[in-house]
Amino acid sequence: MRDTINFLSGMILGAAIGAITALLFAPQSGAELRANLQEQAIAERQRLQALLEQQMAELQPQIEKLQQDIQTVLQRTEQLAEAESEGGEDAT
């Protein structure tokens with residue numbers, strides 16, 4: 001997960017640096033430049049959204065497995081607690 005965050009942070013930083021560089025060296029008018037930057041920002045947002053959705057889809061099976069493991073542990077803990085309380089009642 002940390003690698004994904006670092007990767008996304010690097011992507012955002014790279015996009016920002018690219019946008020600034022484009023502003024400084026663009027041979028376009030202000031209106032053309034703004035329109036171009038808006039298109040690039042929209043495209044980058046869509047690309048990052050797709051990447052995020054892909055990462056979430058890859059993590060989903062792991063999340064579901066963890067949820068199942070937690071349920072199993074909780075059920076086993078309840079069973080042990082019940083067995084212990086039933087054993088304690090028999091002894092009295």
Side-chain angles (χ1 to χ4, degrees):
M1 185 72 170
R2 176 167 267 180
D3 291 336
T4 302
I5 292 171
N6 288 337
F7 177 76
L8 290 176
S9 298
M11 295 290 293
I12 292 170
L13 179 61
I17 290 171
I20 291 169
T21 302
L23 283 172
L24 295 175
F25 294 104
Q28 301 169 334
S29 71
E32 291 173 339
L33 180 60
R34 285 188 296 275
N36 191 11
L37 286 174
Q38 185 176 13
E39 289 174 12
Q40 289 177 359
I42 290 169
E44 186 66 17
R45 179 175 166 241
Q46 290 172 344
R47 191 182 69 74
L48 288 173
Q49 181 68 29
L51 180 63
L52 177 62
E53 289 172 4
Q54 176 188 356
Q55 292 292 322
M56 290 301 293
E58 290 175 7
L59 288 174
Q60 191 62 36
Q62 295 173 358
I63 291 170
E64 290 172 2
K65 172 83 168 83
L66 286 172
Q67 288 173 336
Q68 289 174 354
D69 290 348
I70 290 169
Q71 285 297 325
T72 301
V73 168
L74 289 174
Q75 289 171 353
R76 182 66 180 137
T77 302
E78 288 174 3
Q79 290 170 353
L80 289 173
E82 288 175 7
E84 186 174 300
S85 68
E86 288 175 2
E89 290 174 7
D90 292 342
T92 53

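Side-chain atoms of Gln49 and Glu53 include a donor-acceptor pair closer than 3.5 Å.
Applying the side chain to side chain donor-acceptor pair (under 3.5 Å) rule to Gln75 yields no partners; only residues at least two apart in sequence or on another chain are considered. A search for side-chain contact (heavy atoms from CB on, under 4.5 Å) contacts involving Glu58 returns Gln54, Gln55, not counting sequence neighbours. By the salt bridge (Lys or Arg N to Asp or Glu O under 4.0 Å) test, Arg45 pairs with no residue at all, sequence neighbours left out. The side chain to side chain donor-acceptor pair (under 3.5 Å) check on Glu39 picks up nothing, with sequence neighbours excluded. Partners of Ala31 under the side-chain contact (heavy atoms from CB on, under 4.5 Å) rule, at least two apart in sequence or in another chain, are Ser29, Arg34. Listed by chain and number, the residues in a side-chain contact (heavy atoms from CB on, under 4.5 Å) with Leu66 amount to none (sequence neighbours excluded). Residues passing the side chain to side chain donor-acceptor pair (under 3.5 Å) test with Glu64, sequence neighbours excluded: Gln60. The side chain to side chain donor-acceptor pair (under 3.5 Å) test applied to Glu82 returns no partner, not counting sequence neighbours.
Residue Leu74 is found in a hydrophobic cluster whose other members, listed by chain and number, are Ile70; membership requires side-chain heavy atoms under 4.5 Å apart, directly or through intermediates.
The salt bridge (charged side-chain N to carboxylate O under 4.0 Å, His left out) pairs that include a residue from residues 67-78 are Lys65-Asp69, where partners are two or more places apart or lie in different chains.
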